[in-house]
2 protein chains.
Amino acid sequence: MSGTNTHVPAVLAHELPNPVPRDELAACPVNDLFRRIGDKWSMLLVIMLGKRRYRYNELHRSIEGISQRMLTRTLRDLENDGLVRREVFPTVPPSVEYSLTPLGESLLEPLSALAEWAVRNSPVTAAPRP
Amino acid sequence: MSGTNTHVPAVLAHELPNPVPRDELAACPVNDLFRRIGDKWSMLLVIMLGKRRYRYNELHRSIEGISQRMLTRTLRDLENDGLVRREVFPTVPPSVEYSLTPLGESLLEPLSALAEWAVRNSPVTAAPRP
DNA sequence: CAGGATCCTGGATGATACTG
DNA sequence: CAGTATCATCCAGGATCCTG
């Protein structure tokens, strides 16, 4: 992380064109990242897999409220994004293990900065939205 | 705690109960933060207001594709979350200026860590999703 | 066990028109 | 200028049933 902080990172401080075109918006790595892991379950899965590897039904049982459909879809997306590794063991019945890739592990670090901020300011931002 | 974990933040490394109950999920500051700024426009607005203060229509013109409805709603939400300050000047016609609160400014910092990660790994994660 | 296939709904977002 | 109000739309996500 940056010791001497230039608050705004280069990509963000970088002059935004005026008006900000839709393509530019879609191309922004930060917005892109958020669109990928900003959904309902991605973050939680990255966090859980950051602790240890899990099997499919293990995740399904562990996360109350997630549907099979969404668990599968989210894992597939994370896999396509290179954050999660899926390993199939040809046993009978089959078993599949999920874990973080090195890229996924590396994401935990900047996530921690955001997490710490969120924790530190949770009293402030805890107010429910209308 | 089951181990020494350098990169996983306390709140994340913290033992997740099994199964993870919905309340716990909703109460997680990180998930909560993402639910607040993880929408389509919040991030961009925080970033833009991190550079300078803007007036309403100035934002409207600057951000191609945003509707008045969403601009207003997003600004209101950010204001309620204490990230954005709204100042009304009783001129005729009225003018309203938006800027970041100190809290909003402080968010730019951890955001930068995430942004740097996103930029550094954008080639990897740039693959379009199906 | 680890999914795939379908159907369906609510909430997020957009479009448009109007106003103090 | 800075919004509000209303209607329309779209899709993430859930529920359910099925299978190699």
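Because the structure is predicted, anything quoted here is derived from the model rather than measured. Chain naming here is simple, since letters A, B, ... match the order of the sequence lines and numbering starts at 1 in each.
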TODO: Measure from the side-chain heavy atoms of Ser67(A) and tell me the nearest of dC17(D), dG14(D), dT13(C).
DONE: dG14(D)

- [ ] Would you tell me if any nitrogen or oxygen in the side chain of Arg86(A) comes within less than 4.0 Å of OP1 or OP2 on dG3(C)?
- [x] yes

TODO: Quick one: label Arg76(A) by what it contacts on the DNA or RNA (base, sugar-phosphate, nothing), any heavy atom closer than 4.0 Å.
DONE: sugar-phosphate

TODO: Give the rounded distance in Å between these two atoms: CG of Leu71(A) and C1' of dA2(C).
DONE: 10 Å

TODO: Please report, rounded to the nearest Å, how far the P atom of dC1(D) is from the CG atom of Leu75(B).
DONE: 16 Å

Open item on the list: Looking at every non-hydrogen atom in both residues, tell me the closest pair between Tyr98(A) and Leu49(A) and how far apart they are.
Closed with: O-CD2, 3.5 Å

Task: Distance, rounded to the nearest Å, where His60(B) contributes NE2 and dT16(C) contributes C1' - done: 12 Å

TODO: Please report, rounded to the nearest Å, how far the C1' atom of dG14(D) is from the CH2 atom of Trp41(A).
DONE: 10 Å

Open item on the list: Within 45 degrees of the ring normal and closer than 6.0 Å to the centroid, is that where the cationic atom of Arg36(A) sits relative to Phe34(A)?
Closed with: no

TODO: Please report, rounded to the nearest Å, how far the C1' atom of dG3(D) is from the CD atom of Glu79(B).
DONE: 13 Å

TODO: Among dG14(C), dG4(C), dG14(D), find the nucleotide with the atom closest to the side chain of Lys40(A).
DONE: dG14(D)

TODO: In whole angstrom, give the distance that lies between atom OH of Tyr54(B) and atom C1' of dC1(D).
DONE: 18 Å

Open item on the list: Side-chain N or O of Arg73(B) versus OP1/OP2 of dA12(C): is the shortest distance under 4.0 Å?
Closed with: no

Task: Nucleotide nearest Met70(B) when distance is taken to its side chain, options dT13(C), dA2(C), dG13(D) - done: dT13(C)

Task: Test item: Arg53(A) side-chain N/O and Ser99(A) main-chain N/O as donor-acceptor pair under 3.5 Å - done: no

TODO: Select one nucleotide: of dG14(D), dG3(D), dA2(C), the one nearest the side-chain heavy atoms of Val96(B).
DONE: dG3(D)

Task: Atom-to-atom span, CZ of Arg35(B) to P of dG11(C) - whole angstrom - done: 13 Å

- [ ] May I ask you to verify if any side-chain N or O of Arg55(B) is less than 4.0 angstrom from the OP1 or OP2 atom of dG3(D)?
- [x] no

Open item on the list: Taking 4.0 Å as the cut-off, does a side-chain nitrogen or oxygen of Arg69(B) come that near to OP1 or OP2 on dT16(C)?
Closed with: no

TODO: Provide, to the nearest angstrom, the distance between the CD atom belonging to Gln68(B) and the C1' atom belonging to dT16(C).
DONE: 10 Å

Open item on the list: Taking the basic N atoms (NZ, or NE/NH1/NH2) and the acidic carboxylate oxygens, is any pair closer than 4.0 Å for Arg55(B) and Glu87(B)?
Closed with: no

Open item on the list: Under 3.5 Å, is there a donor on one side chain and an acceptor on the other for Asp77(B) and Thr74(B)?
Closed with: no

Task: Closest-nucleotide 5' rank along DNA chain C - winner of Thr72(A) and Pro94(B) - done: Thr72(A)

Open item on the list: Can you tell me if Tyr98(A) touches the phosphate of dG3(C), counting only side-chain N or O atoms and a distance under 4.0 Å to OP1 or OP2?
Closed with: yes

